[in-house]
Asks: 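Here it is, the structure, as structure tokens.
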Amino acid sequence: MRLDIITCLPRLLESPFSDSILKRAQDKGLVTVKIHDLRPYSTNKHRTTDDYAFGGGAGMVMMIEPIDRCISALKAERTYDDIIYMSPDGELLSQSIANQLSLKQNLILLCGHYKGVDERVRQHLITREISIGDYVLSGGELAAAVVADSVIRLLPGVLNDETSALSDSFQDGMIAPPVYTRPAEYNGWKVPDVLLSGHQAKIEDWKQEQSLKRTKERRPGLTS
Ligand code: SAH
């Protein structure tokens with residue numbers, strides 16, 4: 001998979017991709033992540049990528065031209081399955097959207113900033129809009145990193161234990177059971193006996209029970 005992320009603040013995206021699972025996925029060649037700074041695509045002399053809003057009002061608006069030039073340059077190189085604008089009013093990100101996106105070859109994620117992008121970008125240049133929740137962030141960079149993380153960890157070979165993503169919450173319409181590690185007792189707080197019993201069938205039953213209980217308590221809608 002290849003992910004091209006377009007932003008006017010590339011530094012905001014450096015760290016999420018340079019550690020842990022997302023870094024390993026790139027090192028293993030399972031995903032290519034390219035961050036594109038919009039600035040070089042600006043044609044004005046100060047290389048700005050935003051301007052005042054027509055009609056007035058507070059906040060700058062990201063201009064269409066640098067975005068169009070950047071997307072066109074990428075599209076000239078390869079075909080994209082989707083060109084996604086990160087937007088608070090887009091489709092709400094879910095595990096099923098992450099699953100869907102993980103099957104794609106090439107994706108562009110466009111990050112807005114300030115008041116957002118010129119509406120004509122949304123009308124003519126992008127194919128899909130995704131939100132990470134009903135709240136407003138300063139920019140699309142953190143949202144794009146969230147989408148990228150949720151998708152990349154699903155790519156075959158990214159997680160060491162292949163079954164690990166499948167046993168996570170939401171994957172099978174269930175919340176994951178609680179997990180424990182050493183020590184078996186801390187401050188008098190004990191790990192459930194069954195997990196130390198070595199009895200695999202009982203452990204599996206316990207996990208299943210806990211998973212159901214959690215799902216009913218926390219996300220009853222998932223089972224309906
Ligand atoms: N004026 C816009 C908000 C702009 S926030 C409005 O009221 O809807 C600036 C940028 O941050 C957006 O262009 C978008 O790319 C990103 N952003 C903010 N909140 C987001 C969210 N919940 N999900 C995805 N992207 C978001």
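Counting starts at 1 for both ligands and their atoms, following the listed order. FYI, side chains are in, hydrogens and waters are out, and symmetry mates aren't considered; it's all heavy atoms of this structure.
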Asks: Give every donor-acceptor pair under 3.5 Å between a side-chain atom in residues 194-210 and any protein atom, sequence neighbours left out.
Replies:
| from | atom 1 | to | atom 2 | distance (Å) |
| --- | --- | --- | --- | --- |
| Ser197 | OG | Val194 | O | 2.6 |
| Ser197 | OG | His199 | N | 3.1 |
| His199 | ND1 | Lys202 | N | 3.4 |

Asks: Do Asp118 and Arg120 sit within salt-bridge range, that is, some charged N less than 4.0 Å from a carboxylate O?
Replies: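 Salt bridge between Asp118 and Arg120, a charged N being under 4.0 Å from a carboxylate O: yes.
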Asks: Looking at residues at least two apart in the chain, or sitting in another chain, which of them share a salt bridge (charged side-chain N to carboxylate O under 4.0 Å, His left out) with Asp27?
Replies: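 Partners of Asp27 by the salt bridge (charged side-chain N to carboxylate O under 4.0 Å, His left out) criterion, ordered by chain and then number, come out as Lys23.
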Asks: One thing to verify: whether Asp4 and Lys34 come together as a salt bridge, which I'm taking to mean a side-chain N less than 4.0 angstrom from a carboxylate O.
Replies: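 Looking at Lys34 and Asp4, the cut-off is not met.
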Asks: Can you pull the salt bridge (Lys or Arg N to Asp or Glu O under 4.0 Å) pairs that have at least one residue in residues 43-69, sequence neighbours excluded?
Replies: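 As it turns out, there is no salt bridge (Lys or Arg N to Asp or Glu O under 4.0 Å) pair with a partner in residues 43-69 once direct neighbours are skipped.
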Asks: Show the protein residues that qualify under the rule heavy atom under 4.0 Å from an atom of ligand 1, listing them in chain and number order.
Replies: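 Ligand 1 is contacted, at a heavy-atom distance under 4.0 Å, by Tyr85, Met86, Ser87, Pro88, Gly112, His113, Tyr114, Lys115, Gly116, Ile130, Ser131, Ile132, Gly133, Tyr135, Val136, Leu137, Ser138, Gly139, Gly140, Ala143.
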Asks: Taking Asp82 for its side chain and Ile84 for its backbone only, find out whether a donor-acceptor pair lies under 3.5 Å.
Replies: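 No: the side chain of Asp82 does not pair with the backbone of Ile84.
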